[in-house]
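Worksheet: one structure, shown below.
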Amino acid sequence: MPSLSTMWAQQERFADMARFRDVALEFGYEAVEVSHSTAEPGLRELLRGSAPRVSSLHAPTPYR
């Protein structure tokens with residue numbers, strides 16, 4: 001199953017991880033890989049609602 005890395009979310013247009021989550025789902029991704037650059041508030045937002053599954057965590061996650 002293809003996963004979309006949150007490294008792709010390291011763009012200004014994804015300052016809100018809910019937007020990244022929504023785009024990942026729109027593109028058909030069923031899972032995301034959480035990168036070491038994901039801060040805890042973003043990780044919490046990513047996991048809310050109809051969140052895609054998390055296929056992997058890149059240490060150290062979440063970034064503080």
Side-chain angles (χ1 to χ4, degrees):
M1 145 186 39
S3 299
L4 184 62
S5 175
T6 58
M7 284 302 293
W8 193 58
Q10 304 307 310
Q11 305 174 49
E12 189 175 318
R13 65 182 168 158
F14 295 122
D16 178 359
M17 287 300 279
R19 172 88 174 111
F20 172 79
R21 179 193 63 224
D22 294 345
V23 168
L25 291 169
E26 286 175 25
F27 286 175
Y29 287 95
E30 296 176 13
V32 293
E33 299 175 357
V34 181
S35 77
H36 66 284
S37 299
T38 306
E40 186 173 349
L43 178 58
R44 290 184 186 276
E45 185 62 39
L46 181 64
L47 298 175
R48 281 194 198 147
S50 58
R53 292 185 299 199
V54 173
S55 63
S56 65
L57 298 170
H58 298 241
T61 298
Y63 171 78
R64 294 194 183 252

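Keep in mind that this is a model prediction, so the values were computed, not measured.
Note that CG of Asp16 is 8.0 Å distant from CZ of Arg21, once rounded to the nearest 0.5 Å.
Cluster note: Leu25 groups with no other residue, as no ILVMFWY side-chain heavy atom lies under 4.5 Å from it. Other cluster members for Leu57: Leu4, Trp8, Phe14, Met17, Phe20, Val23, Phe27, Tyr29, Val32, Val34, Leu43, Leu46, Leu47, Val54, joined by side-chain heavy-atom distances under 4.5 Å among Ile, Leu, Val, Met, Phe, Trp and Tyr.
In this view, Arg19 satisfies the salt bridge (charged side-chain N to carboxylate O under 4.0 Å, His left out) rule with no residue, not counting sequence neighbours. Take Glu12 and apply the side-chain hydrogen bond (donor to acceptor under 3.5 Å, both in side chains) test, not counting sequence neighbours, and it matches no residue. Remark: Arg48 pairs with Glu45 by the salt bridge (charged side-chain N to carboxylate O under 4.0 Å, His left out) rule, at least two apart or across chains. Every side chain to side chain contact (heavy atoms under 4.5 Å, CB included) that Ser3 has, sequence neighbours left out, goes to Ala31, Glu33, Ser55.
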